[in-house]
Amino acid sequence: MNPAAAASTTGRGRPRLIERYRAFLPITDATPALSLGEGFTPLVRLDRIGAALGLANLYAKVEGQNPTGSFKDRGMVVAVSKALEAGARALICASTGNTSASAAAYGAAAGLEVVVVLPRGQIAAGKLLQAQVTGARVVAIEGNFDQALRVVRELAESASHPITLVNSVNPFRLEGQKTAAFELCDDLGRAPDVLAIPVGNAGNISAYWAGFGDYHGAGLAQSLPRMFGFQAAGAAPIVLDRRIEAPETIATAIRIGDPASWTKAVRAREESGGLIESVTDDQILAAWRDLARQEGLFCEPSSAASLAGIQRLAAENRLERDATIVCVLTGSGLKDPKTAEASVGDLLVADPTAGAVAGVLGW
Ligand SMILES: *Cc1c(COP(=O)(O)O)cnc(C)c1O
């Protein structure tokens, strides 16, 4: 076989994510190699949306292209590898959906039992099915995410057999999620000026900030971005500076009233000279539609909070025209077919002739 073909078919042409950034990760020779092909996600220029906003350098980091369709895989691959190294036999997590899909997949690949605890009736259909099909045992509770997190923390502490909590309170999750910041610097050849990101449990904004700091400290990026976090208006504890007992938003991945990484996120905002503000569900859905229709990027609604925030700041004249701005699109649009379905019209229906199809198209 020709060596180039061998390289591409065995994956040797592209290193594993955690090998590529090994120097910045808690990986040792004793850490088992585990990978579903996470990371290396596209950075896409948003030319049409950027032009409409008067922004010359607007980009999206398309994290929905990770193996299970969200950025959660970056942290999960490290957390599950370290759990294996430590001799764990089972994984447990609470989830608004994507953490469970990711834990279930990496748990399956590692041969571990996986238990997920979810708020009943609040998980997008695609995410729930991913967890179930990959073999996790799913427990739905009559409560919200914050309560589910309390439950799994207690179970992980009191369990009689080795069970690893893989929520973002697991420090290895945030370590792995730093890799997205490294990729951005490598792809742009510099750090962005602004990183715009949805904020739920606030782990991801904290991880990006740590990642930019690592790269800057190692001399691999000359500057640091300002961190702009966006919460949904009905689930904005950091913006309002108080816990929200009953968070509500269409953006289910960020429907969180008591973020686990609250303090870290506030530190990222302060240290970077950034901000954490809120956007309404209507603004989120408008941004979500713009990404799909103007740029061909179908993300999940929660992801669009990043662009919704940038659109708001641009309208308020609070952005520099030439700044390099990256919006993180955290998950794939295929996760949440119900919200998508509600936003489209009826199908056009026609008899199977060219004339009939032309007729319904109004040609
Ligand atoms: C988990 C998640 C978020 C929120 O990230 P945090 O680290 O909890 O702030 C945003 N969008 C999607 C799609 C997610 O899965």
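Read the numbers this way: they start at 1 and go in the same order the structure lists the ligands and their atoms.
- For S303, no nitrogen or oxygen atom sits less than 3.5 Å from a nitrogen or oxygen atom of ligand 1, counting backbone and side chain alike.
- Of the polar atoms of A253, none of the N or O atoms is found under 3.5 Å from an N or O of ligand 1, judged by distance alone.
- Exactly one of T324, V44, L46 qualifies for a side-chain contact (heavy atoms from CB on, under 4.5 Å) with Y59. That residue is T324.
- Salt bridge E63/R74: present, at least one basic N to carboxylate O contact under 4.0 Å.
- Interatomic distance, L275 CG to E270 CD, rounded to the nearest 0.5 Å: 10.5 Å.
- Those atoms of ligand 1 with a heavy atom of E300 less than 4.0 angstrom away are 13 (C).
- Evaluated by nearest non-hydrogen atom to atom 14 (C) of ligand 1, the leading choice among Q177, K72, E63 is K72.
- At least one cation-pi condition fails for R255 and F145: the charged atom is not both under 6.0 angstrom from the six-membered ring centre and inside a 45 degree cone around its axis.
- With respect to atom 7 (O) of ligand 1, the closest heavy atom belonging to the protein is N204 N, 2.8 Å.
- Taken together through direct or relayed side-chain contacts under 4.5 Å among Ile, Leu, Val, Met, Phe, Trp and Tyr, L118 and I254 form parts of separate hydrophobic clusters.
- The N/O atoms of I256, backbone and side chain alike, include none that comes under 3.5 Å of an N/O atom in ligand 1.
- Proximity to G200 (heavy-atom distance under 4.0 Å) selects the following atoms of ligand 1: 4 (C), 6 (P), 8 (O), 9 (O).
- Those atoms of ligand 1 with a heavy atom of V199 less than 4.0 angstrom away are 9 (O).
- Close placement of the Y215 and F24 rings is indicated, their centers lying within 6.0 Å of each other.
- Counting the atoms of ligand 1 from 1 in the order shown, those under 4.0 Å from a heavy atom of G203 are 6 (P), 7 (O), 9 (O).
- Considering only non-hydrogen protein atoms, atom 12 (C) of ligand 1 sits nearest to T330 OG1, 3.2 Å.
- Close contacts of ligand 1 with N201, meaning ligand atoms under 4.0 Å from a residue heavy atom, involve 6 (P), 8 (O), 9 (O).
- Looking from atom 5 (O) of ligand 1 to the surrounding protein, the closest heavy atom is F71 CZ, 3.5 Å.
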